[in-house]
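One structure below.
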Amino acid sequence: MRPKEQLRQILIQALQQAQASGEIAFETLPAFEVEEPKQADHGDLATNLAMVLAKPAKMAPRKIAEIITNNLAAPEGMLQKVEIAGPGFINFFIAAAYWRQVIPEIYSLGLEYGNSELGRGQKVQVEFVSANPTGPLHIGHGRGAALGDALANLLTAAGYEVVREYYINDVGNQINTLGKSLYFRLRELQGEKIDFPEDGYQGDYMKDLARDYLAAGNPPPSPSPTEEDFVTLGRYAGDVILAGIKKDLEDFGVSFDRWFSETDLYDQGEVEKSFQHLKEKGFLYEQDGALWFKSTAFGDDKDRVVRRSTGVTTYFASDIAYHLYKFQQDYNLVVDIWGADHHGYVPRLQAAVEALGVEGRLQVILVQLVSLLRHGEPVAMTTRGGTFVTLREVIDEVGKDAARFIFLTRRPDSHLDFDLEVAKTQSPENPVYYVQYAHARLASVFRQAEAQEIPLPEPDPGLFPLLQLPEETSLLKMLAHYPELMEAAARNLEPHRITYFLTDLASQLHSYYYKHRFISEDAALTQARLCLVQAIQTVLAHGLGILGVEAPETM
RNA sequence: GCGCCUGUAGCUCAGAGGAUAGAGCAACGGACUUCUAAUCCGUGGGUCGCAGGUUCGAAUCCUGCCAGGCGCGCCA
């Protein structure tokens, strides 16, 4: 159901009729809202239409409201009462029968209820995580992973054709550094006392990696290593680490359609091709022996080097080529999810995308950093120093579902405090379990019904008038609003709205469950309630599916 | 110094032009012969960082200031 959209159309028709009869005159219809008022005595839906029309129509808002309400032509039985209130709100009280229509709709659509055609099959790429394969994923990557995955699910449900991609930075001197780090750990393992390079990756995982390397029967480190040896070791380490990353993501419930290697950009000449593009448009120039991209032409603070005087291209050059490549795949929209520590990088990439002529089709979502706490005390995290909490530890300690839910309860902009102990020790009261419990509880009800040989409910419209409790109407309303909520979440790229909706729905369900028995002596009422509750369970499962959180049958 | 993000209840966070600002946790008081108590019901708790401005109306938009986080390489 799309109650807001339906009412919006009814309002527009009423206005057109009023215009035709000369009761009101204005040039263009201003933007107006149809929303659910916070307060129950303001009705089920309300609009500010009369107020925003006051100026263009040169008329008092309440007078306009009167004209609109007099011209309303809603379907039979939809509107119970219409009130003009306050400065000119029009409040609509919707008949319970209207909301009850949602049950057969959910029955017929099943887990497709909540999906939409918003995207009309447009292609969207979501690129996320894309952590360098120089160390294991940490908790911050987990946040990006949860967001990217949920967003991809959300957009898929909204009718977009979504590709999930992970960009692997496997070019440049970090591979060298990684190889060097492994090399020195290997020497250490052979009993030598080594001054570990300062710019090396100091985390313990490199020691483990060295141990595994030798255990696997690989040749010991050469006493006089060449650059090539470092690169070889670096590639080895990169492969092992990347395999670990893939495993972590898999266990976090995240999968990718594509792992894109930066190396391929060079092998396929994409970097040169992008230089060519920019050169033709006059956005490249040489200075001090280096090649520069004129990003200031697009509002960046300064121009940026794409090829150093040494002849080596920069990371930025790869990224330009990568994004040119992306847009050659006919994506209508490309979403990049980055850690907020890269925010300074946005203007230059947007500049490059604009220079390549695909302005407005790249959206970068910055996800703020995660501050890690334990018992309320900050835990220091530095990647190089190697003291950080890995995603693996979070999955093991807190659990995939709880961690994802926590990440998806915040908007990306918020600076998130993640307290490991709170996430863990409070776990019974963690909102994720609250929502999951609602689903499991309903599963239990159906098991009970089966045990009592009560037939599975059929959405017989004759039954629904039995659903008259305020709790029931309220739940029906929530279900009816779900598709529009999903659309809004997709349009704004905000999966967290779903998290809040689900918590709300679970709350109402728990309350309903506590006050009223679903299975009772009254066979017809039992059927009616089981229908309602079945619909609720379907929506819970759908929403949890978007978030990538399990919808358990038992707990 | 410049830029981005944030500032809402004791804590963690929603709300992003609408009417009397919400939730979870924590605190306090109640409810298990029941379809799962991982639940429910109730109470207390706020100068929406501060100051101006815009308007019928501002937590929400604009400006300035304060505080915290993160950035400002021919690094990735």
Side-chain angles (χ1 to χ4, degrees), chain A residues 31 33 35 37-39 41-42 46-48 51-52 54-55 60-61 85-89 91 132 134 169 171-175 177 199 262 287-292 301-302 304-316 318-319 339-347 366-369 371 373 376 406 409-419 422-423 426-438 440-449 451-452 454 492 496-497 499-500 503-504 506-507 509-520 526 529-530 533 554-555:
Chain A
E33 299 293 329
E35 58 185 12
K38 284 178 230 164
Q39 277 177 262
D41 55 323
H42 292 154
T47 184
N48 63 352
M51 289 184 289
V52 298
K55 231 172 230 176
F89 289 103
N91 295 335
N132 293 352
T134 54
N169 292 125
V171 173
N173 59 22
Q174 59 177 358
I175 295 299
T177 306
D199 64 343
E262 185 184 1
Q287 189 181 307
D288 304 328
L291 190 63
W292 297 71
D301 294 338
K302 49 182 161 183
R304 309 291 175 173
V305 170
V306 291
R307 192 170 57 218
R308 289 175 275 245
S309 50
T310 58
V312 178
T313 52
T314 61
Y315 173 86
F316 181 42
S318 302
D319 245 359
D341 51 340
H342 289 82
H343 76 261
Y345 198 75
V346 177
L366 294 170
V367 21
Q368 285 296 329
L369 306 186
S371 311
L373 309 172
I406 289 170
T409 310
R410 272 80 169 171
R411 41 186 233 288
D413 282 343
S414 74
H415 301 247
L416 178 130
D417 284 342
F418 193 104
D419 194 314
V422 170
Q426 285 190 349
S427 64
E429 284 128 23
N430 198 308
V432 69
Y433 300 110
Y434 186 83
V435 175
Q436 288 184 318
Y437 183 51
R441 203 171 212 187
L442 294 180
S444 168
V445 168
F446 287 112
R447 280 193 298 273
Q448 188 65 32
Q452 295 184 24
I454 293 166
N492 295 293
H496 73 270
R497 294 187 186 213
T499 316
Y500 280 89
T503 307
D504 213 13
S507 167
L509 184 270
H510 285 311
S511 181
Y512 178 44
Y513 175 94
Y514 195 84
K515 286 185 197 157
H516 308 285
R517 290 193 61 83
F518 304 159
I519 298 171
S520 65
T526 299
R529 289 186 173 168
L530 288 180
V533 142
T554 58
M555 282 178 77

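Computed from a predicted structure; not experimentally measured. Chain A is the first sequence line, chain B the second, and so forth, proteins listed ahead of strands; every chain is numbered from 1. The basis for the numbers below is simple: all heavy atoms, side chains too, and nothing from hydrogens, waters or symmetry mates.
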Any donor-acceptor pair under 3.5 Å joining the side chain of A/Thr314 to the base of B/C74?
no
Would you check if A/Phe89 stacks with the base of B/A19, given a 5.5 Å centroid limit and a 30° plane limit, both strict?
yes
Please state whether the phosphate of B/U6, meaning OP1 or OP2, lies under 4.0 angstrom from any side-chain nitrogen or oxygen of A/Arg410.
no
With a 4.0 Å cutoff (strictly under), does any side-chain N or O of A/Lys38 reach OP1 or OP2 of B/A19?
yes
Between B/U60 atom P and A/Asp413 atom CG, what is the distance in whole Å?
16 Å
Heavy atoms from C-beta onward define the side chain here; which of B/U20, B/G3, B/U12 lies closest to that of A/His343?
B/G3
Using a distance-only criterion (donor-acceptor N/O pair, under 3.5 Å, no hydrogens), is the base of B/A31 paired with the side chain of A/Tyr514?
yes
B/C5, OP1 or OP2 - any side-chain N/O from A/Arg411 closer than 4.0 Å?
no
Would you tell me if any nitrogen or oxygen in the side chain of A/Ser507 comes within less than 4.0 Å of OP1 or OP2 on B/A23?
no
How does RNA chain B read in dot-bracket, base by base from 5' to 3', with Watson-Crick or G-U pairs under 3.5 Å and | used when the partner is on another strand?
(((((((..((((....[...)))).(((((.......))))).....(((((..]....))))))))))))....
Heavy-atom nearest nucleotide on RNA chain B for A/Arg497 versus A/Arg447: which residue maps closer to 5'?
A/Arg497
Examine the base of B/A19 for any acceptor or donor lying under 3.5 Å from a partner atom in the side chain of A/Asn91, and report the outcome as yes or no.
yes
Any N/O donor-acceptor pair, A/His415 side-chain to B/C5 base, under 3.5 Å
yes
As a test of the definition: with a 90° window around 0 for syn, would you call B/C11 syn or anti?
anti
Given B/A76, B/C41, B/C35, identify the nucleotide with an atom nearest to the side chain of A/His342.
B/A76
A/Ile175 CD1 - B/C75 P separation (whole Å):
17 Å
Without decimals, in angstroms, what is the distance between A/Arg441 CZ and B/U34 P?
13 Å
Is any side-chain nitrogen or oxygen of A/Ser414 closer than 4.0 Å to OP1 or OP2 of B/A14?
yes
Give the rounded distance in Å between these two atoms: CG of A/Asp417 and C1' of B/U6.
11 Å
With under 30° as parallel and over 60° as perpendicular, where do the rings of A/Phe316 and A/Tyr345 fit, or are they tilted in between?
perpendicular
